[in-house]
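Since the structure comes first, as structure tokens, the remarks are kept for the end.
Small disclaimer: the values here were computed from a predicted structure and weren't measured. Along the sequence shown, the residues carry numbers beginning at 1.
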Amino acid sequence: MLEYCLENGNEMAISPYKKNWKPFEAPQIEKVFGWGHVIQKEQLPDGRSNIILEGMGTAEIIEFNSTEPFIIATVKKIEQDRSQKSNPQYQLSIDEILLLTKRILLSEGADESLILKMNHIKNHFYPVDFIASMLNYDYEQKQDILSTTNAMDKAIKLLNIVRSLNLKE
């Protein structure tokens, strides 16, 4: 699959299987998922590879073209509403999300160097999606954030989640 992606524009999608899916059934994956460019590949001696995938946005499956030997689909890239980037309320929400996320990561034993690097996430093209992907919380809530196109709506959803995760600690 990786070689196919590298031969076809270096793009790859990551879509989780739906709950209760059983192998050998028809694919039951989420129709909205994250996609990105493979920017680095390290071949391992056993034939597997480590990759770095730079997230580029979200997309939606239009139709399955093939499911063997892996899923290939026609997709539509979803345009994200980035008009909120200059909104002061959006920036305050991102600041609070970052602060609370750092607290969560520290309580889980994350290295301080990771915490310091978190400040750069504010400049990421999709900061809410990036942070949402790294935290451990309800799958349906993650999928809801991923499927939301308005940046402020995404931020509010994630802010509510990180606030509740901080209350549990």
Met118 and Met134, any side-chain heavy atoms less than 4.5 Å apart: yes
Atom pair CD/CZ of Glu108 and Arg103 - distance to nearest 0.5 Å: 14.5 Å
More than 12 heavy atoms of other groups within 6.0 Å of Tyr4 OH: no
Interatomic distance, Leu159 atom CG to Leu98 atom CG [nearest 0.5 angstrom]: 11.0 Å
Validation row: Tyr137, Ile145 side chains within 4.5 angstrom (heavy atoms): yes
Over 12 foreign heavy atoms within 6.0 Å of CD, Glu63: yes
Side chain proximity check, Met12 to Leu2, heavy atoms < 4.5 angstrom: yes
Smallest separation among heavy atoms of Ala155 and Ile94, with atom names: CB-CD1, 4.5 Å
Between OG1 on residue Thr101 and CZ on residue Phe130, distance to nearest 0.5 Å: 11.0 Å
Passing candidate, side chain to side chain donor-acceptor pair (under 3.5 Å) with Lys154, options Thr149, Asp129, Asp144: Asp129
Rounded distance (nearest 0.5 Å) linking atom CD of Gln143 with atom OG1 of Thr148: 10.0 Å
Separation of Ile104 CD1 from Leu99 CG (nearest 0.5 Å): 10.0 Å
Asn119 side chain reached by Lys102 side chain, heavy atoms, under 4.5 Å: yes
For Leu6 against Asn10, the heavy-atom pair lying closest together: O-OD1, 3.0 Å
Hydrophobic cluster membership, Ile72 vs Met1, 4.5 Å side-chain cutoff: yes
Any donor-acceptor pair under 3.5 Å from Lys41 side chain to Glu3 backbone: no
Any donor-acceptor pair under 3.5 Å from Lys31 side chain to Glu60 backbone: no
Close side-chain approach of Gln89 to Gln84, heavy-atom, < 4.5 Å: no
hydrophobic_cluster_shared for Phe125 and Ile78, side chain cutoff 4.5 Å: no
For the student: nearest non-hydrogen atoms of Ala110 and Ile115, plus distance: CB-CD1, 4.2 Å
Trp35 and Val75: CA distance, side-chain angles, deciding distance, side chain to side chain contact (heavy atoms under 4.5 Å, CB included) verdict: CA-CA 10 Å; Trp35 70 275; Val75 302; over 6 Å; no
Ring-face cation of Lys85 near Tyr90 (centre distance under 6.0 Å, axis angle within 45°): no
For Ser93 against Met152, the heavy-atom pair lying closest together: OG-CE, 3.6 Å
Test: Glu11 and Lys77 ion pair at under 4.0 Å: yes
Interatomic spacing from CG in Leu135 to CG in Leu105 - rounded to 0.5 Å: 6.0 Å
More than 12 heavy atoms from other groups under 6.0 Å of CG on Asn50: yes
Student check: side-chain heavy atoms of Leu92 and Glu96 closer than 4.5 Å: no
Residue pair Arg163, Leu100: steps toward the side chain to side chain contact (heavy atoms under 4.5 Å, CB included) verdict: CA-CA 7 Å; Arg163 283 175 176 163; Leu100 296 173; 3.7 Å; yes
Under 3.5 Å donor-acceptor, Asn160 side chain and Ile156 backbone: yes
Atom of Ile121, atom of Pro127 and distance for their closest heavy-atom approach: O-CB, 3.4 Å
Flag if over 12 foreign heavy atoms under 6.0 Å of CD, Gln43: yes
Residues Lys122, Asp95; criterion side chain to side chain contact (heavy atoms under 4.5 Å, CB included); working and verdict: CA-CA 8 Å; Lys122 282 183 74 164; Asp95 289 342; 2.5 Å; yes
